[in-house]
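We count ligands from 1, going down the list as the structure has it; atoms in each ligand are counted the same way.
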Amino acid sequence: MNPGSPVHPIPDMFSPVSAPAAAIRELWWLLGGISGGILLVVGGVLWWCATRFRARPGEDREPPQVYGSDRIEFAWTIVPILIVFVLFLATARTIYDVQAMVPPADALEVTLVGHQWWWEIRYPGLGVVTANELHVPASVPGARRPTFLTLESADVIHSFWVPQLAGKTDVVPARSNRTWIEPTEVGTFLGQCAEFCGTQHANMLLRVVVESPADFARWVESQRRPAVDDARVADGRAIFESTACVSCHAVAGTDATGTFGPDLTHLAARETIASGAADNTPANLRAWIADPRAIKPGALMPAMKLPADQLDRLAAYLATLR
Ligand code: CUA
């Protein structure tokens with residue numbers, strides 16, 4: 001990521017920077033306004049009746065009991081039906097507007113695969129595979145560059161949600177859902193799996209890094225390169241290639257071709273590890289390999305049970321994978 005590019009630490013649906021999220025905020029204000037108005041009217045009438053007709057000292061008779069008014073019953077049936085109809089139409093219009101968007105010719109296509117508990121990110125047209133940190137270009141006036149997402153799941157139902165960029169879309173096994181984002185501001189926006197998917201659901205975080213088109217092109221360029229092969233950490237690489245790491249993880253240019261866990265080819269270029277559960281520092285990386293469940297209880301990666309010196313060398317190797 002570029003130094004100086006802001007990280008927005010709060011996933012805030014009231015500060016949209018992308019068309020679908022802006023449409024959802026507008027809809028929220030309309031529905032919130034109507035609902036708030038109903039609350040005020042009903043609450044006000046209730047309060048007025050309760051004070052105006054309360055029992056007063058010395059009164060011990062029942063008030064007159066009045067039954068049946070066709071007009072009033074008609075009114076309080078029809079008015080709510082009309083209100084619900086308006087709420088329904090406004091919602092349906094927003095859903096339609098968001099879903100009707102057709103990808104323009106230069107739209108970016110990304111496939112996002114939900115796993116327990118991390119996000120696999122593939123750019124089929126660019127030959128890039130990464131995890132948990134989705135990089136996309138910003139749309140600038142005159143050069144719209146929306147990103148269309150194909151959402152798939154490797155196991156259970158997850159849900160894609162980056163409040164500043166788009167509404168929630170479920171990520172369902174054996175089916176492909178589509179959504180899109182079109183950020184107009186650079187920066188990092190935080191997202192979160194929004195469908196309970198097991199013990200580490202709350203730690204299934206997603207970062208969306210929005211970059212200027214030039215920065216995005218540079219990022220793609222760097223991600224397409226094979227993994228760094230630094231002779232100073234050759235012993236760490238040998239440990240990596242001779243342990244079970246390779247059955248789950250891939251590092252382009254090595255024997256590691258596993259696909260069960262995140263691709264590690266450019267691991268060190270990411271801000272976080274463990275799907276956003278920890279910052280990507282050498283100490284955290286070492287602690288993660290030593291015992292992932294100390295950081296993410298229930299994580300599916302087993303503790304590698306390596307002696308301390310091997311752990312050091314392995315972590316040193318992974319830290320070079322920029
Ligand atoms: Cu994935 Cu909750």
Exercise. Among the N, O or S atoms that His201 has, which is closest to atom 2 (Cu) of ligand 1?
Worked result: ND1
Exercise. With respect to atom 2 (Cu) of ligand 1, what is the nearest N, O or S atom of Glu195?
Worked result: O
Exercise. What's the SG-atom 1 (Cu) of ligand 1-SD angle here (Cys197, Met204), rounded to 10 degrees?
Worked result: 110°
For this session: Please state whether the rings of Phe216 and Tyr123 are parallel, tilted or perpendicular, taking 30° and 60° as the class boundaries.
Result: tilted
For this session: May I ask you to decide if the ring planes of His8 and Phe189 are parallel, tilted or perpendicular, using 30° and 60° as cut-offs?
Result: parallel
Exercise. What residue among Thr281, Leu285, Leu264 forms side-chain contact (heavy atoms from CB on, under 4.5 Å) with Ile273?
Worked result: Leu285
For this session: Could you tell me whether the side chain of Asn132 reaches within less than 4.5 Å of the side chain of Ile121, counting heavy atoms only?
Result: no
Exercise. With atom 1 (Cu) of ligand 1 as the point of reference, which N/O/S atom of His158 is the closest?
Worked result: ND1
